[in-house]
Amino acid sequence: MKKILITGGAGFIGSHLCLKLLNEGNYIICLDNFYTGAKRNIEHLMSYPDFKLVEQSVIEKFDCEVDEIYNLACPASPIHYQSSPIETTKASVLGILNMLELANKYNAKILQASTSEVYGDPVVHPQIESYWGNVNPIGLRCCYDEGKRCAESLMTDYYRQYNTNIRIARIFNTYGPNMAVNDGRVISNFIVQALKNEPVTIYGNGNQTRSFCYVDDLINGLTSLMESNLNSPVNLGNPDEYTMLELAKLIIDITNSKSQIIFKPLPEDDPVKRKPDISLAKKTLGFSPTVSIKNGLIKTINYFKNII
Ligand code: UDP
């Protein structure tokens, strides 16, 4: 049995990770301040004797002997991180510093949840790990992008200076059950709007693209990465790419909705295209997403039907 700390464990991705690692027989410490995480996401885990919840921010010092750390704590949806930009940078930068100190103290492995946002509005397509990105350092998204880039730097410097056992996952757009109704990201927005027969809001002309990974596939990628020896960044996501217009039509179709599509202004610095090159993850981790967008959307739609 390993003792595993998951920061942001009550969040969308964190809650799935807690469940998987508990079911594999580990002791889980879930650290979350519920800024964007939700008690509902971990209610079903509270009865496990090997699950412990610590209600605190990753910015505060935390000390406990652990074998592994998954550092997921950070608001990740543009509307959330942009509403508290300074706290977002602190969560990324001070959060990873705290966790790296902990990893060093107890010789634990540490995995950082990084992001496709380190590529900014990419001019290389699809995005490969060797691409340095195109990030606006003073834009509305910079608190998240630069915070996560700084966390990658700190991870790598701890590796160079102290030989810390690091893993860096660059997570591309992910969706599935346990996303919040008010998350603000495109899949949850479109599903909630379609289920309520309200207008589906496309920002801009809808020709921008994203590539969506179902959460179960992503979780398998994260745990395989932790088990591997890879200490450089690796992309994790599903390379199937869609325009937002295609996505809106697909969700309206699957939900049998009467919703109309409406167009709203494109937010500042919204990336035009995004699609991961997952060759490295395939080769080194055997990572290969298996859930199609249609099947993943059906599961996610059923989840939202139950909670709204
Ligand atoms: N988007 C949209 N309508 C919405 C929410 C988002 O058209 O109701 C667009 C957004 O402008 C972006 C894409 O969908 O181009 C993905 O946005 P999201 O917030 O999910 O994540 P991002 O990949 O931008 O971080």
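Numbers for residues simply follow the sequence, beginning at 1.
Side-chain N or O atoms of Gln193 include one that pairs as donor or acceptor with a backbone N or O of Thr201 at under 3.5 Å. A donor-acceptor pair is defined here as one N or O able to donate and one able to accept, closer than 3.5 Å; no such pair exists between the side chain of Ser92 and the backbone of Thr89. Listed for the Thr156 side chain is no donor-acceptor partner under 3.5 Å among the backbone atoms of Ser232. Side-chain atoms of Gln127 come within 3.5 Å of backbone atoms of Lys275 as a donor-acceptor pair (strictly under, hydrogens ignored). Of the possible donor and acceptor atoms, one in the side chain of Asp217 sits under 3.5 Å from a partner among the backbone N and O of Thr290. A donor-acceptor pair is defined here as one N or O able to donate and one able to accept, closer than 3.5 Å; such a pair exists between the side chain of Asp183 and the backbone of Arg185. The backbone N or O of Asp277 sits less than 3.5 Å from a side-chain atom of Asn235, completing a donor-acceptor pair. Between the Arg167 side chain and the Ser228 main chain, a donor and an acceptor come within less than 3.5 Å of each other. At least one donor-acceptor pair closer than 3.5 Å links the side chain of Tyr131 to the backbone N or O of Val123. With hydrogens and angles disregarded, no donor-acceptor distance shorter than 3.5 Å links the side chain of Asn134 to the backbone of Gly120.
Listed by chain and residue number, nothing satisfies the salt bridge (charged side-chain N to carboxylate O under 4.0 Å, His left out) test with Glu268 (two or more places apart in sequence, or in another chain). By the salt bridge (charged side-chain N to carboxylate O under 4.0 Å, His left out) test, Glu68 is found to be paired with Lys2, Lys109, residues two or more places apart in sequence or in another chain being considered. For Asn23, the side chain to side chain donor-acceptor pair (under 3.5 Å) partners at least two apart in sequence or on another chain are Tyr48. In this structure Arg141 satisfies the salt bridge (charged side-chain N to carboxylate O under 4.0 Å, His left out) test together with Glu117, Asp270, sequence neighbours excluded. For Lys3, the salt bridge (charged side-chain N to carboxylate O under 4.0 Å, His left out) criterion is met by no residue, not counting sequence neighbours.
Side-chain contact check for Gln82 and Tyr144: no donor-acceptor pair (N or O, by modelled atom type) lies under 3.5 Å. Using modelled atom types, one finds a donor on one side chain and an acceptor on the other under 3.5 Å when comparing Asn197 with Ser257.
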Quiz item: Ser211 and Asn238: side chain to side chain contact (heavy atoms under 4.5 Å, CB included), yes or no, with the steps?
Solution: CA-CA 6 Å; Ser211 309; Asn238 186 325; 5.7 Å; no
Self-check item: Audit row: Lys249, Glu246, salt bridge (Lys or Arg N to Asp or Glu O under 4.0 Å) steps and yes/no
Solution: CA-CA 5 Å; Lys249 287 179 184 160; Glu246 287 169 333; over 6 Å; no
Exercise. Please lay out, stage by stage, how Ile171 and Thr115 fare under the test side chain to side chain contact (heavy atoms under 4.5 Å, CB included).
Key: CA-CA 4 Å; Ile171 300 173; Thr115 166; 5.6 Å; no
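Under 4.0 Å is where a charged nitrogen must lie from a carboxylate oxygen, and between Arg170 and Glu152 at least one such pair does. The pair Glu24-Lys20 meets the salt-bridge criterion, with a side-chain N (NZ, NE, NH1 or NH2) lying under 4.0 Å from an Asp/Glu carboxylate O. Using a cut-off of 4.0 Å between Lys/Arg side-chain N and Asp/Glu carboxylate O, Glu87 and Lys90 are scored as salt-bridged. Taking the charged nitrogens against the carboxylate oxygens, Glu146 and Arg149 do have a contact shorter than 4.0 Å, which makes a salt bridge.
Heavy atoms only, all atoms of each residue included: Asp32 and Gly9 are closest at OD2-N, 3.4 Å. The two atoms that bring Val215 and Thr174 nearest to each other are CA-CG2, 3.8 Å, heavy atoms only. Taking all atoms of both residues into account, the shortest heavy-atom contact from Phe34 to Ala10 is CE2-CB, 3.5 Å. Residue Asn41 comes nearest to His44 through the heavy atom pair O-CE1, 2.7 Å, listed as atom of the first residue, atom of the second, then distance. Taking each heavy atom of Pro271 and Arg210 in turn, the nearest pair found is O-NH1, 2.9 Å. Taking all atoms of both residues into account, the shortest heavy-atom contact from Met46 to Phe51 is SD-CE2, 3.6 Å.
Shown are Asp121, Asp269, Asp145; of these, the side chain to side chain donor-acceptor pair (under 3.5 Å) with Asn136 is made only by Asp269.
Residues Val192 and Ile261 fall within the same hydrophobic cluster, defined by Ile, Leu, Val, Met, Phe, Trp and Tyr side chains chained together at heavy-atom separations under 4.5 Å. One hydrophobic cluster holds both Val186 and Ile13 under the rule that ILVMFWY side chains link at heavy-atom gaps under 4.5 Å.
Here ring pair (Phe, Tyr, Trp, His ring centres under 6.0 Å) pairs that include residues 196-221, with residues two or more places apart or in two chains, are Tyr175-Tyr214.
Around atom CD1 of Ile308, more than 12 heavy atoms belonging to other residues, nucleotides or ligands sit under 6.0 Å away.
Summarising the geometry, atom OH belonging to Tyr70 is positioned 4.5 Å from atom CE belonging to Met226; distances are rounded to the nearest 0.5 Å.
The shortest side-chain heavy-atom distance between Thr255 and Leu297 does not fall under the 4.5 Å cut-off.
Using cut-offs of 30° and 60° on the angle between ring planes, the pair His16 and Phe12 is perpendicular.
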